[in-house]
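First the structure, in the form of structure tokens, and then the observations on it.
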Protein chains: 2
Amino acid sequence: MGKQQNYGIKEIAKRANVSIGTVDRVIHKRKGVSEKTRLKILKIIEELDYQPNVLASRLASKKIYRIGVLVPSASKETDFWNAPINGMKRAAEEIKQYGVEIYYCFFQLHSRDSFLTQIDNLWKKEVHGVILSPLFKEDARQFVADCNKQKLPLVYIDSYLEDQKALSYIGFNLNDSGRQVAQLFDYCLDGKDKILVANISWKIDDFHIEQGFRSYLIDKGSTRPVIKVDIRHTDYAYIKDSLQNLLKDHTDIKGIFVTNSRVNIVAKFMEDIGRKDIFIIGYDMTEENLKYLKNGTIHFLICHKPEFQGYQGIMTLYQYLVLGADVKEMQYMPIDILTNQNYQYYQMSNEL
Amino acid sequence: MGKQQNYGIKEIAKRANVSIGTVDRVIHKRKGVSEKTRLKILKIIEELDYQPNVLASRLASKKIYRIGVLVPSASKETDFWNAPINGMKRAAEEIKQYGVEIYYCFFQLHSRDSFLTQIDNLWKKEVHGVILSPLFKEDARQFVADCNKQKLPLVYIDSYLEDQKALSYIGFNLNDSGRQVAQLFDYCLDGKDKILVANISWKIDDFHIEQGFRSYLIDKGSTRPVIKVDIRHTDYAYIKDSLQNLLKDHTDIKGIFVTNSRVNIVAKFMEDIGRKDIFIIGYDMTEENLKYLKNGTIHFLICHKPEFQGYQGIMTLYQYLVLGADVKEMQYMPIDILTNQNYQYYQMSNEL
DNA sequence: TCGTATTTCGTGTACGTTAACGCAATATAA
DNA sequence: TTATATTGCGTTAACGTACACGAAATACGA
């Protein structure tokens, strides 16, 4: 609409009767300017609503912004982390002109040692910002504290430590995610059908999800029976055994909610025993999960824009470091519901 | 990872034993260069995999790119178009540094005259690219033809003309969208429950959606009864009348599928007659629809990232005009499933 | 052959910002 | 007082590209 005249430091300098050098010093909060002229210049900057020209700024500056990324590597067990990494690479491509470089430090999902090793690794890079998946809570807590001490901006991705503040959190609301799943079951099953909630993980990390799941049913005054199982191993044989026993004890199970991306293992089991009458919902569109979503064994997958999480993680640090902008502390991803009818459009390939 | 040396036109000039001026002429395909040196320079550009520095390029160029936007204005009847407009404004904010300016030409949803007026309006602006919602097919067809003749890049948004090519289409796949709705009903209703498909519009524009809806049921071998009604007026009194008659004739209707964003009118009717046993699915998270989604009268809303559609429309033209990049001809939006449990996270504020 | 037109190319300035350099003016120490 | 630091500020050369201007080289006509 309005042809808005954009003033630069030259105009500011002219109005303040100083040189552009002085204006530059004020803008960059460098020293060598008397308080009097500093205030005068700041006032004019305010008046003109000066917006620095990022292009020219970047062109003249040779500053390099290094971002360290500390996340699990994609493993045979789950390729989930491929998606955020792709998003980060896409972001990096977009903003490499602005001197942003990314250093990936991948640790093993189950190895605390590798996590510690990669932290050391990261410190050596002398980065200006960090993206962290704080899976090993204790060590992560220490690491975040160190970053805070050094005023290193840090962005949590996928999960966060409630007792350790950071620049931003990018991920989803576990509780509401669980509630959504409860609603889907409630819509798709009869009122009295029994549901099995299965946490398949070497540690218990689904507390909030289960909480949300149950809270929805309570809110609705549902009398639906729900049983919970924790399966602490992720190999097929063990899981098969556990499920077999469960289905024997509870022949009336009509739905299974797997609280993470291992839902494909349950699906495989269902196929193996030839049962197609159980409604299955799980998390994340990994390759394996997609297989069973396509053939109808898995009915819904809940996703939280994994690729965009990575993209947004990088962009958040870019906005903070390069543009000096404020960033939101909590950036919740949508709760996306995927089926074999809409999964094909869920390839947020080019940004947005 | 790799510290990749980025060469500029200076390096190219040096290697070709010419001045940067000549290199510049070759890059911009201006005349005044002998074929021999042109080829030599092109070869070197190829070898070095020269990537122009967009920042410097923009800084040095005073070129302005004007984009004309020809879409319906948000009306009392539906505020749907607010969302794409917001997305466009967000995009404009992001790339204004690159000299992109946007001219909005809003026409009235039901007034062909206003559409023609706005076309005239647009021509006066001498834009370099156009975003079009081709609701008035005949006139739009002529307009797109004119744009093509003038080599004006044009991006369809929300719907497109199959017989008139353009640079890109941003919207969704109507057929698959209808299929998704059919699956949701199939999951949530009993196998024999009757569904009413309602098209509430002054013209018939849901052909592909209904087609997709029915094709899913056929593929599944479903024997579910489906009836269709076209309601050609959008005022509550008329719709109420139509629905009242339908529900009297078909007392066994368990689900209603409204093929556009007018689903809130049906929801209001259901509330007024106090029926809560009918499963309702419709389109778009408009303010009115959201009201009934929240209170549980509407069960699912299908959305197609309206805000992102606008954002992507602008970005597509930006990439084509400013960056000279190739763009995808069909850019399908995801088929998002919204409930009263996840709608609150569907504020795709920043990208995607 | 000379003169002119045309083609082909190099030079220079500008875009808005960064940051090094250096010169005054003032303060501090001797 | 003079010598030396320190503070406050202006000047200037980049950054990589766009484009106007004009110079050199070549072609063409007589």
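Each chain gets a letter, A, B and so on, in the order the sequences are listed, and its residues count up from 1.
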Using residues 15-30 of chain B as the side-chain source, report each donor-acceptor pair under 3.5 Å to any protein atom, sequence neighbours left out, with the distance given to one decimal.
unit_1  : atom_1 : unit_2  : atom_2 : d
B:Arg15 : NE     : B:Glu11 : OE2    : 2.6
B:Arg15 : NH2    : B:Glu11 : OE2    : 3.1
B:Ser19 : OG     : B:Gly21 : N      : 3.3
B:Asp24 : OD1    : B:His28 : ND1    : 3.2
B:Asp24 : OD2    : B:Arg30 : NH2    : 2.2
B:His28 : ND1    : B:Asp24 : O      : 3.1

For atom CG of A:Asp326, is the number of surrounding heavy atoms from other residues, nucleotides or ligands below 6.0 Å larger than 12? no

Which protein N or O atoms sit under 3.5 Å from an N or O of nucleotides 10-20 of chain D?
unit_1 : atom_1 : unit_2  : atom_2 : d
D:dG10 : OP1    : A:Ser19 : N      : 3.3
D:dG10 : OP2    : A:Ser19 : N      : 2.6
D:dG10 : OP2    : A:Ser19 : OG     : 2.9
D:dG10 : OP2    : A:Thr22 : OG1    : 2.7
D:dG10 : N7     : A:Arg25 : NH2    : 2.9
D:dG10 : O6     : A:Arg25 : NH1    : 2.9
D:dG10 : O6     : A:Arg25 : NH2    : 3.4
D:dC15 : O2     : A:Leu59 : O      : 3.2
D:dC15 : O2     : A:Ala60 : N      : 3.1
D:dG16 : N2     : B:Ala56 : O      : 3.3
D:dT17 : OP1    : B:Tyr50 : OH     : 2.7
D:dT17 : OP1    : B:Asn53 : N      : 3.2
D:dT17 : OP2    : B:Ile9  : N      : 2.8
D:dA18 : OP1    : B:His28 : NE2    : 2.7
D:dA18 : OP1    : B:Ser57 : OG     : 3.3
D:dA18 : OP2    : B:Asp24 : OD1    : 2.7
D:dA18 : OP2    : B:His28 : NE2    : 3.4

ring-ring contact (aromatic ring centres under 6.0 Å, His included) pairs, two or more places apart, involving residues 148-171 of chain B: B:Tyr160-B:Tyr169

Kindly say if B:Ser34 contacts the phosphate of C:dT7, meaning a side-chain N or O under 4.0 Å from OP1 or OP2. no

Between the side chains of B:Gln150 and B:Asp146, is a donor N or O closer than 3.5 angstrom to an acceptor N or O? no

Do any pairs count as a side-chain hydrogen bond (donor to acceptor under 3.5 Å, both in side chains) and have a residue in residues 38-62 of chain B, sequence neighbours left out, and if so which ones? B:Glu35-B:Arg38

Let me check the geometry of the helix from C:dT1-D:dA30 to C:dA30-D:dT1. What is the bend angle between the axes at its two ends, five pairs each, to 10°? 50°

Can you spot which of B:Trp123, B:Phe115, B:Phe107 makes a ring-ring contact (aromatic ring centres under 6.0 Å, His included) with B:Phe143? B:Trp123

Testing A:Asn148, A:Leu317, A:Leu154 one by one against A:Leu167 for a side-chain contact (heavy atoms from CB on, under 4.5 Å), which residue passes? A:Leu317

Given 3.5 Å as the limit, does a donor-acceptor pair link the side chain of B:Gln319 with the main chain of B:Val327, or not? no

Heavy-atom count check: over 12 atoms from other residues, nucleotides or ligands less than 6.0 Å from B:Tyr320 OH? no

Ordered by number, residues from residues 35-47 of chain A within less than 4.0 Å of DNA chain D (heavy atoms) are A:Thr37

Regarding A:Asn121 and A:Gln118, is there a side-chain donor-to-acceptor distance under 3.5 Å anywhere? yes

